[in-house]
Undergrad: 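Quick one: structure below, then a few questions.
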There are 2 protein chains.
Amino acid sequence: MPRPRKPKTQRAATLADVGRAAGVSAMAASAVLNSVKTSSRISEETRQRILEAAAKLQYRPNAAARALLHRRMNTIGIAAILDENELNHYFLALFNGVLAGATHFEQNTTVFALHDWSNDTRRLDSVCDGRIDGLIMFAPTYDAAVAKTLPKHTPFVTIHANTPLEGTVNIESDEEAGANAMVEHLIAKGHRRIMHIAGPKGFVGADRRVAGYRKALRAHHIKFDPALLVHSQFIDFHGYRAMKTWLEENAGQPLPHAVFCANDGMAIGAMQALAESGLRVPEDVSVCGFDDTLASRASVPQLTTVRQPLVEMGRKAAEILLAQIGTLKDVQVPASPVVMPVEVVERASVGRCPAGDRVVPALARV
Amino acid sequence: MPRPRKPKTQRAATLADVGRAAGVSAMAASAVLNSVKTSSRISEETRQRILEAAAKLQYRPNAAARALLHRRMNTIGIAAILDENELNHYFLALFNGVLAGATHFEQNTTVFALHDWSNDTRRLDSVCDGRIDGLIMFAPTYDAAVAKTLPKHTPFVTIHANTPLEGTVNIESDEEAGANAMVEHLIAKGHRRIMHIAGPKGFVGADRRVAGYRKALRAHHIKFDPALLVHSQFIDFHGYRAMKTWLEENAGQPLPHAVFCANDGMAIGAMQALAESGLRVPEDVSVCGFDDTLASRASVPQLTTVRQPLVEMGRKAAEILLAQIGTLKDVQVPASPVVMPVEVVERASVGRCPAGDRVVPALARV
DNA sequence: CTGAAAGCGCTTACAG
DNA sequence: CTGAAAGCGCTTACAG
């Protein structure tokens, strides 16, 4: 059985170690290893000796020492609510985008997992201590008062901020237009009795989708039916429970033609609840989501949804943040908010509205 | 329209700034802010003045300066192949685990996204420069020769390493037992004609699952049929394509009773291919996966699968790494490999084997 | 052109 | 008990 590596790892070599090994000063070693012009004065033979010593000692310029000098860690931070027990495709998409953007400019990315925006303020604060050059917040729900306490020496960018932070660029998408287009699409497929499982009241992301939903109904003279609007949370399980509860409470009532969910996870949850009542998607009921996360392609049938360019939004956030930090000289910091376009993506979960009215089955099949 | 924050952020306050503002030396400020015993000598009034100055200036001890002193960044790294266009629930689960473990011990986590283990060696190398105290690699496929070039001054832990790195703890799970238990479960449900969509040949994760599959067949005197073993890749789309191709090439042949896929994503892909041929899961064909990632609950029907405790494995990796670094004094570094238990999780995608033999439908319905 | 020194921000060990 | 100094590892600006 292989023995584990000894706990005490050897110390990393310093410039002084390299110099000593090569019989030169630390400074000479530094000059050679950074290929400074002045190193042209150093003989080729010495240069080789230094390079060999550095390779042999696995020398790497110490990041902390460099950061101290340059006041820059070449690292950006991400703060997000991250619960290890929940599906979070939204996070995964944004994260991939930020990572791609940061990596492209040779910057590292550190992730801070929060449980709660209000209570974890101090944790975020404490992290603005030079270990990151700037911070991107995913869907923060700070209120304005708390936001004021954020450190002034660290630049921020937010994505989908619930209340914009003063002096901070917020990146969002045209959610109302997206919801409106989605419901227009349902109506074009013949659906009239359209249910909406919304996000929590008071969250702009939820409210804007409701607004788009109602706008589309209005445009087609479909009377808004409060019984068809249910508020839930942006989490798979809550979509399931909202749909399940609704079906139980509305047994014998007319079945909706289509269910528009405020995000993909909720739509998948709703599909599961429908399946448990023996209802097929899209033959009996059409279902659609919002976001176009990877979840929308992982479901069977694949989900018709509104695409928000999440990866792109993450990448853009990284770019804007790096511009603010000053790492990217040639990128202009845009005015806030930056609004990204959305589009309806047709997949398999929405069909033509079936002929004849159906009724919510009385008993769940389970 | 709100104006964006000015690109030039103000400099962070230093201990000297705090001292100056409070009319004391930087050292006195340091003593108070670190609540060193000696600070008891400092008058309560002075203490308050220092605390106020620090708060007002939003002072935070500079992380780089501290790291330079302590030779510790309080940050661990994660290296993983991460393609922004692919589903990666496996990463998400491990990542959540590492993050939870690191956060619990007040350590930060930096993620390095790689494209390729062989070609990105230099990138990984360059990152072992003090910006992380240790590194966790997700499913690395280094060969032994390359592994030798890894820096000696940084501790590593691997999860699912394809070839164990010398002197490095590897965390894995009992994949062969898991595959065996899954196929035993299928056989218990009456399935005999069991297809396996495997991972790429030569990868231990794939080979061990194939071994478990064949072992279960053997135990029940089911003759191994090479036509029912297909090698593919650990990616959703490849599962889809493998199933699709197999159905096309085997039109008119007996339909498998069940399809055991080497991971959850592949199983979902296979379900989509089956759906396109008009075959229902589990009524016509049972399907199962491996991993128990969040994907297995996001599909309709939910996936029967083999659970690997991925979150727990990530958490354990963090803990072992911190023990090696020396951050955790009271945790023993275990011998390698650490093998985690697996279990079959029954959900909805596996049913009893239907009576009567069916045949692969000739034409895809699409 | 080269090498010694200063300094990034912090803390620890050591004189006064 | 207090305050000045040394040093973590590096690079830049400045004497020689």
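Below, read A as the first sequence line, B as the second, and so on, with proteins coming before strands; counting in each chain starts at 1. Both backbone and side-chain heavy atoms feed into the values below; hydrogens, waters and symmetry mates do not.
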Undergrad: Heavy atoms under 4.0 Å is the rule here; annotate nucleotides 3-10 of chain C 5' to 3' with B where the base is hit, S where only the sugar-phosphate is, and - elsewhere.
TA: BB--BBBB
Undergrad: Please check this pair: side chain of B/Thr154 against backbone of B/Pro151, looking for a donor-acceptor N/O pair closer than 3.5 Å.
TA: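 Side chain of B/Thr154 to backbone of B/Pro151: no pair is present.
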Undergrad: Kindly say whether B/Ser118 contributes a backbone atom to a donor-acceptor pair with the side chain of B/Thr121 at under 3.5 angstrom?
TA: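 Pair found, side chain donor or acceptor close to backbone of B/Ser118.
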Undergrad: Are the side chains of B/Val338 and B/Asn170 in contact, using a 4.5 Å heavy-atom criterion?
TA: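 Result no, sub-4.5 Å side-chain heavy-atom pair not found.
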Undergrad: Could you state the atom-to-atom distance from CG of A/Asp129 to P of C/dT11 in whole Å?
TA: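 Roughly 11 Å, once rounded to whole Å.
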Undergrad: When you check the gap from the basic side-chain N to the acidic O, do A/Glu319 and A/Lys316 get nearer than 4.0 Å?
TA: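 No, no charged N to carboxylate O under 4.0 Å.
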Undergrad: Can you confirm whether B/Thr158 sits close enough to B/Ile136 that some side-chain heavy atom of one is under 4.5 Å from a side-chain heavy atom of the other?
TA: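 The answer is no; the side chains never approach within 4.5 Å.
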Undergrad: With under 30° as parallel and over 60° as perpendicular, where do the rings of A/Phe91 and A/Phe138 fit, or are they tilted in between?
TA: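 Taking A/Phe138 first and then A/Phe91, their aromatic rings sit tilted (interplane angle of 30° to 60°).
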Undergrad: Report, as yes or no, whether the 6.0 Å neighbourhood of atom CD on A/Glu106 holds more than 12 heavy atoms from other residues, nucleotides or ligands.
TA: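 For A/Glu106, atom CD is not crowded (no more than 12 foreign heavy atoms under 6.0 Å).
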Undergrad: Would you sketch DNA chain D in dot-bracket for me? Only Watson-Crick or G-U wobble pairs with both distances under 3.5 Å count, crossing pairs as [ ], other-strand pairs as |, the rest as dots.
TA: |||.||||||||.|||
Undergrad: Take atom C1' in C/dG9 and the same atom in D/dC14, then report the distance between them in whole Å.
TA: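 My reading of the C1' atoms in C/dG9 and D/dC14 gives 23 Å.
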Undergrad: Can you tell me how far C1' in C/dC10 sits from the matching atom in D/dA13, rounded to whole Å?
TA: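 Rounded to whole Å, the distance is 23 Å.
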Undergrad: Do A/Gln48 and A/Glu52 meet the criterion of a side-chain donor-acceptor pair at a distance under 3.5 Å?
TA: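 Short answer, no.
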Undergrad: What integer distance in Å separates B/Arg72:CZ from C/dT12:P?
TA: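 About 14 Å, once rounded to whole Å.
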